[in-house]
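Have a look at the structure below before the remarks.
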Amino acid sequence: MKLLITNITTLLQVRDTNIDKISGKDMANLPLLENAWLLIENDTIADYGTMDNCPDINDAEIINAEGKTVLPAWCDSHTHIVYAGNREQEFVDRINGLSYEEIASRGGGILNSAKKLNKTSEEELYQQSKERLEEVMRQGSGAVEIKSGYGLTVDGELKMLRVIKRLREEYPVAIKATFLGAHAFPAEYKENHEGYIDVIVNEMLPKIAEENLADYIDAFCETGYFSVAETERIMEAGKKYGLTAKIHVNQFTAINGIEACVKHNALSVDHLEIVTDEDVEVLKNSNTIPVALPSCSFFISIPYTPARKIIDAGLPLALATDFNPGTTPSGNMNLVVATACIKMKMTPEEAINAATVNGAYAMGISDTHGSITKGKKANIIITKPLSSYYQLPYAFGSNLIDTVLINGKAIE
Ligand SMILES: N=CN[C@@H](CCC(=O)O)C(=O)O
Ligand SMILES: [Zn+2]
């Protein structure tokens, strides 16, 4: 099957040779073609160019994209979209003055979601989660990482990871699964951290490996959650099963967790609302990518990740949604890109690089996703007619997407 998109006013993120990640000053450069065409064969980007040499392909379906911008689908490298129910009551509690930490210390937060999830059947969990996945696909996400971490029991964690596996089998979007058993300590292990980590290491991980249910391992490295030493134990245990680390760190406090993540060759360090000069230094000369989650900062009113400090130090930065019931009940990458520009002073070029190529790197798929490059998956956003691509972050509340193609096919 051939699909030729013609008269594209702006074709964004065109990379003749693949780039795995974009860092520092290079993030300001977003390569593009004006008045372009794009040829898709089956699920793959076959070719592209400018309209002065548009091929004449008589067996291709044609889409005329005059006035429109075409870009790679978003790569959302950090989500928790498999969850049960919602946390709307905590949302109202925060409006009435409680903080995220206060709610968690009263047994709400992650433990609240874990209670709901353990009471929900695998089938029901799948049904709730697939609605969210379908929504984010319509919003332009073509690759999504999904974490466990609301089970916190052997059965609950396996249930979540099996739902992620089923989503991967049923949907064309690229999905990476991350095991986050170390998301919070269940109440019965509050005073026995070692006991819960033993369950993760000796019971959960072997079963997950046996069923091949995870690609990555994660932990919430934070004051009141998993200490740096505990996070290191989790990363080491994951490594034995071939699971590279992607770690929640520096959301509320800086406790030198980033240094430990770099030491353990983590693929990504995520959140980073609080970043010290030392954290920036240790990230230099590493392959670990920082990931910012601005809609989490927006929703629970915490600082935004200091993007300028990170990028101006020459580091790469990825953007992701953090879609979850507690801190970010939204998987809208368009809003993330806009918020990064508006609140984190990222330019539109930097934000789009962060949400495509760098997002793909942060989930280990930048050889197949994240740019308009021959041979990559045809995961594409076609916008409505735009005055310029700046309109994407500028008109932050508008739905500017006309069509989303995943593996070369338009989704409903
Ligand atoms: N901070 C840790 N985990 C999630 C939120 C968990 C929750 O509140 O349910 C996050 O990335 O924000
Ligand atoms: Zn998260």
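Bear in mind that the values here come from a model prediction, so they are computed numbers and not experimental data. Start at 1 with the first residue, then count along the sequence. Each ligand, and each atom within it, is numbered from 1 in the order the structure gives.
Between Asp215 and Arg168 there is a salt bridge, with a side-chain nitrogen of the basic residue lying less than 4.0 Å from a carboxylate oxygen of the acidic one. Using a 4.0 Å cut-off between charged nitrogen and carboxylate oxygen, Glu211 and Arg162 count as a salt-bridge pair. Between Glu145 and Lys147 there is a salt bridge, since at least one side-chain N of the basic residue sits less than 4.0 Å from a carboxylate O of the acidic one. Between Asp402 and Lys384 no salt bridge is recorded (no basic side-chain N to carboxylate O distance below 4.0 Å).
Ranking protein heavy atoms by distance to atom 10 (C) of ligand 1, first place goes to Asp322 OD2, 3.1 Å. Ranking protein heavy atoms by distance to atom 8 (O) of ligand 1, first place goes to Tyr100 OH, 2.4 Å. The nearest protein atom to atom 3 (N) of ligand 1, hydrogens excluded, is given as His183 NE2, 2.8 Å; this is a heavy-atom distance. Among all protein heavy atoms, the one lying closest to atom 9 (O) of ligand 1 is Tyr150 OH, 2.6 Å.
Distances below 4.0 Å separate heavy atoms of Thr327 from the following atoms of ligand 1: 5 (C), 8 (O), 10 (C), 12 (O). Taking every non-hydrogen atom of His271 and a distance limit under 4.0 Å, the qualifying atoms of ligand 1 come out as 1 (N), 10 (C), 11 (O), 12 (O).
Judged purely by atom type and a 3.5 angstrom limit, Lys377 has no side-chain atom pairing as donor or acceptor with the backbone of Asn407.
For the pair NE2 of His78 and NE2 of His80, the angle whose vertex sits at the Zn ion (ligand 2) is 110° to 10 degrees.
Taking backbone and side chain together, His271 holds no N, O or S atom under 2.8 Å from the Zn ion (ligand 2). Among the atoms of Asp322, an N, O or S atom falls under 2.8 Å from the Zn ion (ligand 2).
Relative ring orientation between Tyr150 and His80 is described as tilted, the plane-to-plane angle lying within the 30° to 60° band. Note: His248 and His78 have perpendicular aromatic rings, judged against thresholds of 30 and 60 degrees for the angle between ring planes. Note: Tyr225 and Phe220 have tilted aromatic rings, judged against thresholds of 30 and 60 degrees for the angle between ring planes.
Within the 4.0 Å heavy-atom shell around ligand 1 one finds His78. Using 4.0 Å as the threshold, Tyr83 has no heavy atom nearer than that to any atom of ligand 1.
The part of Gln251 lying near ligand 1 is the side chain, judged by heavy-atom distances below 4.0 Å.
Taking any N or O of Ser113, backbone or side chain, none lies under 3.5 Å from an N or O belonging to ligand 1.
Annotation for Asn285: atom CG does not count as buried by contact number, only 12 or fewer foreign heavy atoms lying within 6.0 Å.
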